[in-house]
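To start, the structure itself, in structure tokens.
Being a predicted model, the structure only gives us computed values, none of them experimental.
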Amino acid sequence: MSAHAPTLEAEPARSEPEGFFVEALARGLSVIRCFDEAHERLTISEVARLTGLSRATARRSLLTLHALGYVATDGKQFWLTPKILSLGHAYLSSTPLPRLLQPVLEEVSAGLHESCSASILDGEEIVYIARAATRRVISVGLGVGSRLPAYCTSMGRVLLAALEPEALEAYLAQTPLRPLTPHTLTDPARLRQELERVRQQGYALVDQELELGLRSVAVPVRNARGRVLAAMNVGVQAGRVSREELMERVLPVLRQAADSLVPLLGV
């Protein structure tokens with residue numbers, strides 16, 4: 001889950017007809033999202049602070065989730081239970097994309113002896129939907145469901161480059177471009193130029209912008225109509241694999257893998 005739990009006020013503007021938006025459901029989901037690596041166990045007051053809900057509303061939401069088995073409690077603190085994974089599994093089991101991607105990622109990973117991942121864009125972040133890992137190349141453990149900023153990741157830039165101009169401008173207007181390392185690109189104008197380059201060349205290479213010591217290259221995963229459905233990347237340790245090797249050895253394999261998926265993804 002994201003390290004920054006969104007408050008209820010941060011939810012996107014609702015366009016549904018009045019009466020179709022269930023406020024209690026929105027509040028319950030915001031409570032679930034406030035648990036993450038930095039907030040594994042939370043009191044009612046902490047949940048209220050992180051979500052922007054009143055203490056009474058946070059309490060009702062937590063007790064409902066507890067009754068349904070999605071959270072556990074010792075009477076003071078609350079934490080998520082493994083049952084919460086069923087919510088993510090519902091997505092993975094109901095869409096064919098992760099199932100189609102997984103064997104391809106495993107083949108790429110086995111051939112290159114590097115970790116290979118696939119993700120989609122969700123708001124300001126990318127979400128991992130499939131992954132084949134050989135070694136940890138980033139300090140934060142990654143797996144299906146992991147989220148990372150889009151602007152400073154290779155898969156994120158591939159996905160941002162595929163956005164319509166209006167959607168990209170909206171993303172840049174609402175997304176803080178924080179410097180995660182001394183190499184992170186944080187100037188919106190320069191990021192626009194980089195995304196245009198990614199769009200034209202058909203890949204993104206990010207060198208130690210997310211984390212020092214990490215390089216990655218990503219390509220788009222397209223359907224038969226050319227629509228970008230996801231991104232696929234390979235991440236390597238910068239001290240072990242140079243930019244040149246990433247381009248010459250890894251990129252062609254990634255491109256071939258993405259091309260092999262086109263006939264499987266329909267139109």
Side-chain angles (χ1 to χ4, degrees), residues 1-95 119-129 140-153 156 159-160 163 166-167 169-180 186 210:
M1 294 188 181
S2 171
H4 303 284
T7 64
L8 190 62
E9 289 77 9
E11 293 295 326
R14 304 194 292 269
S15 58
E16 296 85 354
E18 186 176 355
F20 281 77
F21 190 85
V22 181
E23 200 77 38
L25 177 58
R27 290 167 175 166
L29 292 174
S30 71
V31 168
I32 290 173
R33 291 198 304 272
C34 76
F35 291 91
D36 56 25
E37 186 176 5
H39 306 96
E40 296 179 0
R41 293 182 175 234
L42 295 168
T43 64
I44 293 173
S45 296
E46 289 168 335
V47 168
R49 176 177 56 81
L50 289 168
T51 59
L53 299 172
S54 69
R55 192 179 185 282
T57 300
R59 180 178 181 274
R60 286 196 299 270
S61 295
L62 285 167
L63 292 179
T64 300
L65 291 168
H66 179 250
L68 294 172
Y70 291 110
V71 302
T73 182
D74 59 6
K76 181 180 180 181
Q77 293 184 312
F78 293 80
W79 58 91
L80 299 180
T81 70
K83 187 177 181 180
I84 205 76
L85 296 173
S86 65
L87 301 179
H89 180 70
Y91 166 78
L92 295 174
S93 61
S94 64
T95 179
S119 70
I120 58 173
L121 188 65
D122 183 28
E124 300 178 5
E125 300 172 312
I126 59 170
V127 181
Y128 280 64
I129 60 171
V140 178
L142 293 175
V144 172
S146 294
R147 307 175 74 95
L148 292 173
Y151 68 92
C152 59
T153 55
L159 296 168
L160 290 174
L163 292 177
E166 297 81 3
E169 289 307 311
Y171 169 86
L172 292 173
Q174 69 187 21
T175 306
L177 305 181
R178 299 184 178 91
L180 302 184
T186 58
L210 174 69

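Side chain of Thr81 to main chain of Gly69: a donor-acceptor pair is present (N/O by atom type, distance under 3.5 Å, no hydrogens or angles). In this structure a side-chain-to-backbone donor-acceptor pair under 3.5 Å is present from Tyr171 to Tyr151. A donor-acceptor pair is defined here as one N or O able to donate and one able to accept, closer than 3.5 Å; such a pair exists between the side chain of Asp36 and the backbone of His39.
Note that CD1 of Ile126 and CG of Leu148 are 5.0 Å apart. Values are rounded to the nearest 0.5 Å. The structure places CD of Glu40 at 12.0 Å from CH2 of Trp79, a figure rounded to the nearest 0.5 Å. Here Leu163 contributes atom CG and Glu166 contributes atom CD; the two are 10.5 Å apart, rounded to the nearest 0.5 Å. Atom CG of Leu63 is separated from atom CG of Leu68 by 11.0 Å, given to the nearest 0.5 angstrom. Atom-to-atom distance recorded for Arg147:CZ and Glu125:CD is 4.5 Å, nearest 0.5 angstrom.
Each of Leu121, Asp122, Thr153 was scored for a side-chain contact (heavy atoms from CB on, under 4.5 Å) with Leu159, with one residue passing: Leu121. No option in Val71, Leu65, Leu50 other than Leu65 meets the side-chain contact (heavy atoms from CB on, under 4.5 Å) test with Val31.
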field: Pair Arg27-Thr51, side chain to side chain contact (heavy atoms under 4.5 Å, CB included): steps then yes or no
entry: CA-CA 8 Å; Arg27 290 167 175 166; Thr51 59; over 6 Å; no

query: Could you walk me through whether Val47 and Leu53 pass the side chain to side chain contact (heavy atoms under 4.5 Å, CB included) check?
result: CA-CA 8 Å; Val47 168; Leu53 299 172; 5.7 Å; no

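The minimum heavy-atom distance linking Phe35 with Phe78 is given by the pair CE2-O, 3.2 Å. Residues Leu42 and Cys34 approach most closely at CD1-SG, 3.7 Å, considering heavy atoms. Of all heavy-atom pairs spanning Thr186 and Leu177, the tightest one is CG2-O, 3.2 Å.
A side chain to side chain donor-acceptor pair (under 3.5 Å) check over residues 52-75, counting only residues at least two apart or in different chains, returns the pairs Ser45-Arg55, Ser54-Thr57, Thr57-Arg60.
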